[in-house]
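First the structure, in the form of structure tokens, and then the observations on it.
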Amino acid sequence: MKQTGPLLITAAGGFVLIVAYFIPFAQNWGELAAIWFDILAAVAFILGGGNLLKTHLKRISDRARGWGYSGVVVVSFLATLFVGLVKVGVNPSAQFPDFAWSGQYRQMGSAFWYLFQYAFTPLTATMFSLLAFYIASAAFRAFRAKNVEAVLLLGTAFIILLGRTFAGVALTSWIDPDVWAGFAYFTGLRLENLTVYIMSVFNTAGNRAIMIGIALGIVATSLKVLLGIDRSYLGKD
Amino acid sequence: MTEFIVNQWWLVAIVIASLIPLVMRIVSAGLLETLRTLDRRWIFLLLLWAVLIPIYFIGVTGRTFPEVPSVLARATFDEIDRLNPGDPILLAFDYDPPSEGELGPMATAFVYHAASKKLRMYFMALWPLGAQMIDNTIAKVITPDFRDLVYGRDYINLGFKSGQEGVIKVVVTNLRELYTTDSRGTAMQDIPMMEGITNIQQMKVIVSVSAGYPGTKEWVQYAVTPFPSLRLVAGATGVQAPLLYPYVPRQLPGLLGAIKGAAEYEKLVVDAYGGANADPKYLEALRRMGPQLVAHLLIITLIVVANVVFLIDRGRKR
Amino acid sequence: MSSSLKGKGSAKRSIAAAVACAALFFPALAAGQAPAPPSGLTARDHSWDNGTRIDLQWTASADEATLRGYVVRRRSTVETNFSVVDIVPAGTNALTVGSLNREAGHLFRVTALGANSLESTPAATTAPVFPTMEWFDGTRVWFLFTLVLLCGSVVAFIVLARRGMPLTLRRIAGLEAVDDAVGRATEMGRPCLFIPGINDMNEIQTIAGLTILSRVAKTAAEYDAKLEVPTSKSLVMTAARETMQTAFLTAGRPEAYNPDSVYYVTDEQFGYVAYVQGLMVREKPAACFYMGSFFAESLILAETGNAIGAIQIAGTAQPAQLPFFVAACDYTLIGEEFFAASAYLSGEPDQLGSLKGQDVGKLLVGAGILLGVLGATAAALTGSAFIESLVNFFTGTMLT
Amino acid sequence: MRRENVFWMALLVIGAAALLWRSAFTTEGMGREYVRAVPVANGRWTQSDPATYGEYQGAEAALPAQTEYQFSLPRTIGLWLAAFFTLAIFSFLFGDNPFYKVAEAVLVGVSAAYWMVIGFWDVIVPNLVGKIWPALVRAWAMPGLSGPEAEPSPSYIVVLVLSVMLLWRLAPKGGWIARWPLAFIIGTTAGLRLIAFLHGDFLVQIRNTILPLAVIDGGVFDPWLSLQNLLIVVGVLCCLVYFFFSFEHQGAVGATAKAGIWVLMITFGAAFGYTVMGRIALLAIRLEFLLDDWLWLIDPTGRRVAALLAGGGLG
């Protein structure tokens, strides 16, 4: 029961949705399943949030290395949760001024908005911007002409990098039919055009093949899940 | 340039001072050895200066690099520019603050273009934070510069709906099924510009500004593929753009890739509607192309240097 | 082929423009007589559909030879004005109107459009027609065919493999390295880190990643290595715990399983990566596995892992992130290889059979592309309408 | 390395001192936020919209005792915090340090709660409670709920049951019950994705690859477009061969697979090049924040130039 039940639910859920795709009156079941998933994922936040609290409270009580930072996690977590759920500092919606809870929880000027604007946004955006540095160091370290594959990888990146800036355009702007009529046949070699060709030919071909392969991989994986061949996440006993 | 260096001597001093340890290292250990064992933090520092100095330079002097719009940027521009005043246009903003740097200028330019053309704008978002991005863009463009446009008559924020691509599937045939109110909670029947609008197929153009899933790809898959008469143009991040090229031009007639695409489109819009002294806030991407250029050149130099060192070493081994 | 499509579209548009011009600006200039009207307009529900289509049929106008085409108009019972649905070229006498509302009845009018841009009196339907919904969507019958073909080949090879059909497979670099990496971490006395991507359980890549986790966890249990799995989604945490527990049980060391080694961090992509990045420089794992759906964080993880000198094995089906993994990791499973990895790692016959089935799928794709390309080329070279219609049937009906 | 660290610390201290001096003792100043009071709901509340220093100066010049534009202390504190967080994250590039650890802890705590709050107000309230008990939600948080949305949907009871089963894990016994909703999620995901990828990506990509190898436009043979089509078709086929699992990559198959890898490498190189652009822009916007919003060193959009507010021409 503990294992066959979930296996049956998996198979039934999946096959019903596959069949529903061909039956007009059931065609919106897929969307319904997606909405249900969102609800379940939102409910699961209780598990995740609880786990987060548990992990960090344990570190604090154990006085584990760096427990002070766990304290910061717990405080910022609980504070944000409280001001967001209780809508601290949120005015009712202008449409319904008599409904105290009708305001948007992320309304400008509310406590939750302050946290969003001055903590969440700068922190996430700066984390994201670290990528600029990492990309430079990766380019320096990994792009070495060790073999044909590596040469193609770095050569293409090189052309795109140049072709997408003003400098690249200037570099090959001498290939101009106005300079010499014969250049009319070679304008394709101008960097900005070369970039477009690489994107529309090789990039298209490569991505298409990858996408076709991925679709086949997803078909096989989904089937294995539905047939109960892949089932490690359903536990044992 | 010289004037800039003289006036901002302190910045020059900081940059030079910060590089002194590296120079000392090169002097003591030799250039090749330094490069071979280069601490990646030196690369980080070089990149920081490569981005920061151009920003500062452009910020002080106000100069930008010229942009030549590419075919795709022009195609995007034309898709919107051929519309007539009052035509409905859907603006789907599926991104969040971390992608603001790339997509913010595009969103601004799209709204500026649509507002200048007096199109009826319907905003919606599949990302929770997209609704915020819509409000920000409206506050940046429409509220200060198009005071004659009225909310509910000329533009509307339908807000965020959860359900990812499921939302697209539904609104393509029946908008009212999911959207009974706008983001402010006003019922649909009380909004003048919603009269007669029952689904997304009535939009003349769909503009998708997206940073990932769900985004432009899902709009192609679930809106344009089943209803090929829909016209979709997109602004995408540099990461997303290569994945969208396979859809160009049949399913996706216009595509702006990364800050470069934004700068090209910005230029087209500002040239057409901004006048001689365009508000600098509409030139954000053009300004950002400066640091872009220098950083690109730095990365190219790094690749070249790394390969020279690599080839010298390989030559010695043989 | 694409040019012919374009041609048709622009012809339609130019006719529409002509109609508009004639009607709006030059009513007096369009001298001459309106053409004879079409007749006998019938409207019937389109069979085997999802209730959005109606088939129209009419008898040609007597002036068919000189016509520009027919203008089809529609209005539902809740609307007051007719609106143009389509303008079809002369010689056509049927049209399927789509995207209709099932709740309302629909009325149609067809007029002939003369060479002088004058329209005839309309042929009209009298009673409103309702599109009805059948129990099977006939437009998807070819898709059903493809589905059965592909799923069938996967299932068939799974069955064959169970019956003992010998299977040979090519090597995938990187998969052999999984066990070695865990082993090395054990020797060095340092932990292993497994990142199952940042998407939730509604993503097949996450599920595929967890299947690989079960193998990594089993090896870790055997070697007695420490394995840490921070997750970005609560549901993934739940599923990963089940996976780990099962793996430790299979390895015969259920007592070594520590549920706290799988934990939730935050749903926010960059919050998660900020945490993992910090974790990596502080705990210095010797082996890092990135298996699942990744976005911008891929390079942050891979570069940090590189800086601490960890062995890194990545697998994802996010094409945008593959370049970064390829550049910064020791081994990368590209796209389909990632989905194949669990089959390779388990070595069970049914798993390997599914790989054969995928290969048959690729053979079919290759054959289909070759046939289609040959047909399209032949159509372009010979200009044969028959071949073109065959190709159009293939791309427009079978492949939609 | 030691000496270098001392050098860096010295640079940082000098820099910080210069900033403080500039903020406190010069006319330019730095890092202040201003707001504009806007009445909402017929004047029942005032909302503070962001305003610029330039607007404030303009308003002050026009009417010295005005109250519409004001200096905002909470937002100024927020701005300085944001700048601190930005620098703290950047400091990780130099090495792990207490500033980064604090920023990381705040980020984890705030963002985890942030997504929970979104899940509660945007998913659970409208899509679960609102479907099962719409009257409650209308009377409480969503007075605008109306039409078919306001009808109770009994099928959502199923989700409620699944939710309870999912949370059963917290109970001391019967944790396996939580596997049922998990099985439901995984099963429906497998079914949905199988169909979506096959119908969306798979067929579309095959269809788009069926291109004529000889392009004849208006009766004229177009060699470039023909070559382009040929390269695309051959490229796709070679890459597909690379993904074959049944054959060792030797002989002709090996050569084709090799060509496939080459196409893939070009694809990856192109994607890499493209991404660099995006990432630099992200760094640029953070540095713009530091230089413009916080330090007031540059002012590309003229936000600190006193503007004449009356009239305010249209764009």
Side-chain angles (χ1 to χ4, degrees), chain A residues 18 21-25 27 34 37 40-41 44-49 51-52 54-55 58 65-66 120 123-128 130-131 134-135 137-139 141-143 153 157 206-207 209-214 216-225 227 229-230 232-237, chain C residues 49-51 133-137 140 144 150-151 154-155 158 200 202 204 207-208 210-211 214 233-235 237-239 242-243 245-247 249 260 263-268 270-271 273-274 296 299-300 303 317 319 324 327-328 334-336 338-340 342 350-351 354 357-358 361-362 365:
Chain A
I18 292 176
Y21 192 67
F22 298 95
I23 299 174
F25 85 89
Q27 270 167 3
F37 170 79
L40 285 173
F45 276 140
I46 298 175
L47 293 177
N51 179 253
L52 182 78
K54 193 183 137 198
T55 311
K58 187 160 178 291
R65 196 160 56 101
F120 186 87
L123 282 167
T124 53
T126 313
M127 257 328 279
F128 203 173
L130 288 188
L131 273 170
Y134 288 140
I135 230 167
S137 71
R141 188 172 46 73
F143 278 11
L153 185 75
N207 270 323
I210 293 177
M211 279 154 97
I212 291 172
I214 287 171
L216 283 170
I218 285 183
V219 168
T221 308
S222 302
L223 273 178
K224 283 190 285 182
V225 166
L227 296 173
I229 296 174
D230 274 354
S232 52
Y233 35 81
L234 290 180
K236 254 194 170 164
D237 76 62
Chain C
D49 75 335
N50 52 1
M133 186 166 79
E134 282 77 20
W135 65 269
F136 183 79
D137 189 345
R140 288 177 178 170
L144 180 63
L150 289 175
C151 295
V154 172
V155 173
I158 291 177
D200 213 332
N202 63 343
I204 293 285
I207 299 176
L210 289 184
T211 319
S214 77
K233 298 286 182 280
S234 312
L235 284 171
M237 174 189 80
T238 312
E242 297 282 3
T243 308
Q245 193 173 12
T246 315
L249 208 64
D260 289 342
Y263 53 91
Y264 168 82
V265 181
T266 164
D267 267 58
E268 167 56 39
F270 294 107
V273 78
L299 188 68
I300 301 185
E303 269 297 294
F324 307 110
I334 299 168
E336 200 181 356
F338 166 56
F339 291 109
S342 68
D350 9 351
Q351 292 267 13
S354 72
Q358 274 167 262
K362 265 164 286 177
V365 172

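Labels below follow one simple rule: chain letters A, B, ... track the order of the sequence lines, proteins then strands, and each chain is numbered from 1. Source: prediction; values computed, not measured. Every heavy atom of this structure was used, including side-chain atoms; hydrogens, water molecules and symmetry mates were not.
Comparing A:Met211, A:Lys224, A:Arg141 by how many heavy-atom pairs each has under 4.5 Å with chain C, the most go to A:Arg141. Each of A:Val219, A:Leu40, A:Asp230 has some count of heavy-atom pairs under 4.5 Å with chain C, and the biggest count is that of A:Asp230. Note: A:Gly213 leads A:Ala139, A:Ala142, A:Ala220, A:Gly213 in heavy-atom pairs under 4.5 Å with chain C. Interface check for chain C: of the options A:Leu227, A:Leu47, A:Leu223, the most heavy-atom pairs under 4.5 Å are formed by A:Leu223.
The contact between A:Ile229 and chain C is made by backbone and side chain atoms together, counting heavy-atom distances below 4.5 Å. At a 4.5 Å heavy-atom cutoff, the contact between A:Ile212 and chain C is made by side-chain atoms alone. Heavy atoms of A:Thr221 lying under 4.5 Å from chain C belong exclusively to its side chain. C:Asn202 touches chain A through backbone and side chain together, each having a heavy atom under 4.5 Å away. Heavy atoms of A:Ile214 lying under 4.5 Å from chain C belong to its backbone as well as its side chain. C:Phe338 does not touch chain A: none of its heavy atoms, backbone or side chain, sits under 4.5 Å away. Proximity to chain C (any heavy atom under 4.5 Å) is restricted, for A:Leu130, to the side chain, taken from C-beta onward. In this structure, no portion of A:Ile46 lies under 4.5 Å from any heavy atom of chain C. Heavy-atom distances place both the backbone and the side chain of A:Tyr21 under 4.5 Å from chain C.
Residues passing the side-chain contact (heavy atoms from CB on, under 4.5 Å) test with A:Phe25, sequence neighbours excluded: A:Ile23, A:Trp29, C:Met133. For C:Glu268, there are no salt bridge (charged side-chain N to carboxylate O under 4.0 Å, His left out) partners at least two apart in sequence or on another chain.
Here C:Leu144 contributes atom CG and C:Cys151 contributes atom SG; the two are 10.0 Å apart, rounded to the nearest 0.5 Å.
Within the 4.5 Å cutoff, side-chain heavy atoms of A:Ser222 are placed close to those of C:Ile204. Within the 4.5 Å cutoff, the side chain of A:Ile135 has heavy atoms near those of the C:Leu299 side chain.
The minimum heavy-atom distance between C:Asp49 and C:Asp137, with the atom names listed, is CA-OD1, 4.1 Å.
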